Engineer: 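Right, I'll just put the structure down here and ask away after.
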Amino acid sequence: MTQPLVVFDNVVKHFGSYHAVERMNLEIYKGEFVAIMGSSGCGKTTTLRMLAGLDKPSEGEIRLNGERINDLYSWERETPLVWQNLALFPFLNVVENVEFGLRMRGMAKAERRKKSLQWLERLGLEEFAMRDISLLSGGQRQRVALARSLVTEPSILLLDEPLSALDAHLSVRMQGVLTGLQKDLGITFVYVTHSQSEAFAMADRVVIMSRGRVEQIGSPKEVFLEPHNRFVAEFIGGKNILCGTVIGFDDRGLVRVGSEHGEFLARRPEGKSTTPGERVTVCLSAEHIDLTEHPRQRNRLTCTVVGEEFIGSMVNIYLDAGDGLELQVQKPHADYNRLGLRNGQKIVAEWDGACALILRGD
Ligand code: ATP
C-alpha cells in the first residue's frame, strides 16, 4: 500500500480554551485533489495553516512524506499556500513576483527569470511579465499567484478559497485551469472552500467539517449519495430528513420505519445493522420524490404546496406535510410545468423506499 503524502494523526488545535480542530485524522495521497469544506468557523483554514506551518498543532502529529513536521517553520517545509487575497507584492511586477520564491532560495538571476517566464507562459500570462500587479484583472492575478507557488515545483499546493473573489464565470474557467494543472503536474492539492459546486466539480475526495470535527471524508459522489449523518445531509443540501423508529423489515430487506407521519420504508447503508425499537434518522433526496394525484408507492404523504424556487434548469418545490414537516422536491422545468402546481394545492408526495437512506449517525 502506498504511503500517504500527508498524515494528520489525532491533530488537535486549541486557541486558549477554544477548540478549533478536534482530533483530526486524515491521510492525503500523492496526486490527490482534496477539498476541505464546512460552515464558517469550522476549522478549515486552521487545518490548512497547520499543514503550511503557520499554526502549530496543540496535540497530535502532522507528517509529510513520513516525517513529522509539527516543529518545522513554514519556510522549512515544501507546502506553499495560495490565499484568497493572493498576497502578491504590489511593489514587484508580475515576473518579479513569480521569481520571488526562487530568489529566496538563492537561484541565479538568469535561471530564475527563465523558469518564471516558462511558468507565466504555461499559465497564459507571458505578455504581462513586466506589468504592474495593480494593472491585472482578478483572474490574471489569480494565475500569477499560482505561478508564484508552482515555480518552486512543490509536491503539494495548499489553496485557501482561491476563487472566492472571482465572478461566477471566471471562477468556473479557473476551476478548469486548476484541475488541468493539478492532473498534468501530478501535484497534490489541498483546497479549502465554502463552495460545494467548486469542491464537487474538482476534488477527488472532500472532507466535510463541522465545529472542528471531521464529519465525513469521501468522493463527492459518496458524500452526495450516502451522507453519513444529519449534518452532512443538511450541509450538502437538497435532502429531506425524516425521523422514526424501526418497527421491522419488509420482504425486500427494507426497514419499516414508524413515524408520526405514518409508516414508511427505508434502506440501510452497507454494514449498518438496525434493530426494532431503534430511533433512526432518514435522508431523502429532493430529486427522489414524485408528486402525483394517483399515488402508487407505499411511502407517501399528502402535502400542501407552499412555495417554489427556480434554480437554473431545476425548480425546488416546497411542501408542508403537516406536524412541522416541510419537504423539498426538485424537478426539471418540464416536469414542473406539467404538474401545474399552485400554492395551497394538495398533492401527494411519494418515493421508493430504496431511495430513503437511514443515516449512520444522527
Ligand atoms: P471561514 O470559512 O469563515 O474562513 P474556517 O472554517 O476557515 O472559517 P478557521 O479560520 O479555521 O475557520 O477558524 C476556526 C475557529 O478558530 C474560528 O472560531 C476562529 O474564530 C478560531 N480562530 C482561528 N484563528 C484563531 C486565533 N489565532 N485565535 C483565536 N481563535 C482563532
Side-chain angles (χ1 to χ4, degrees), residues 6-28 32-64 69-75 77 79-88 138 141-142 145-146 149 156-168 171 174-175 178 188-203 205-218 220 223 227-237:
V6 173
V7 177
F8 280 77
D9 185 356
N10 274 308
V11 171
V12 174
K13 178 66 186 171
H14 306 155
F15 293 107
S17 60
Y18 186 76
H19 289 210
V21 175
E22 285 279 16
R23 302 244 161 263
M24 168 167 276
N25 287 296
L26 172 64
E27 295 184 343
I28 300 172
E32 255 197 314
F33 192 136
V34 171
I36 305 179
M37 304 168 67
S39 41
S40 189
C42 69
K44 306 181 289 295
T45 296
T46 305
T47 302
L48 209 63
R49 285 176 59 86
M50 287 193 285
L51 185 51
L54 301 170
D55 277 326
K56 208 170 157 173
S58 312
E59 289 175 37
E61 188 165 273
I62 303 181
R63 295 191 286 277
L64 183 64
I69 56 168
N70 291 40
D71 306 313
L72 295 185
Y73 291 109
S74 57
W75 56 89
R77 47 174 104 181
T79 50
L81 177 58
V82 178
W83 299 93
Q84 177 182 352
N85 64 12
L86 307 181
L88 293 169
R141 253 181 276 197
Q142 187 56 258
L146 277 173
S149 300
I156 184 164
L157 185 64
L158 316 183
L159 302 109
D160 191 0
E161 304 254 13
L163 308 184
S164 61
L166 306 181
D167 66 50
S171 167
M174 279 304 295
Q175 286 176 27
L178 283 173
T188 305
F189 273 19
V190 186
Y191 189 101
V192 161
T193 181
H194 271 107
S195 162
Q196 185 184 326
S197 63
E198 269 180 28
F200 277 30
M202 294 193 284
R205 283 192 303 151
V206 293
V207 177
I208 313 260
M209 293 183 70
S210 154
R211 291 182 293 165
R213 291 177 195 279
V214 171
E215 299 285 349
Q216 188 166 356
I217 303 173
V223 170
H228 278 183
N229 57 34
R230 186 175 186 142
F231 174 83
V232 176
E234 289 179 341
F235 181 75
I236 59 179

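This is a predicted model, so every value here is computed, not measured. In listed order, ligands and their atoms are each counted from 1.
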Engineer: How many angstroms lie between CD in E234 and OG in S39, if you round to the nearest 0.5 Å?
Structural biologist: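 E234 CD to S39 OG: 11.5 Å, rounded to 0.5 Å.
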
Engineer: May I ask you to decide if the ring planes of Y191 and F33 are parallel, tilted or perpendicular, using 30° and 60° as cut-offs?
Structural biologist: tilted

Engineer: Walk me through it: do Q142 and V82 pass the test side chain to side chain contact (heavy atoms under 4.5 Å, CB included)?
Structural biologist: CA-CA 9 Å; Q142 187 56 258; V82 178; 4.0 Å; yes

Engineer: Is the shortest side-chain N to carboxylate O distance from R23 to E59 below 4.0 Å?
Structural biologist: yes

Engineer: So, taking the atom named OG1 in T46 and the one named NE2 in H14, what distance separates them when rounded to the nearest 0.5 Å?
Structural biologist: 12.0 Å

Engineer: Find the distance between NZ (K44) and CE (M209) and round it off to the nearest 0.5 Å.
Structural biologist: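 Here the rounded value is 8.0 Å.
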
Engineer: Sort out the contact shell of ligand 1: every protein residue with a heavy-atom distance below 4.0 Å, listed by chain and number.
Structural biologist: F15, Y18, A20, S39, S40, G41, C42, G43, K44, T45, T46, H194

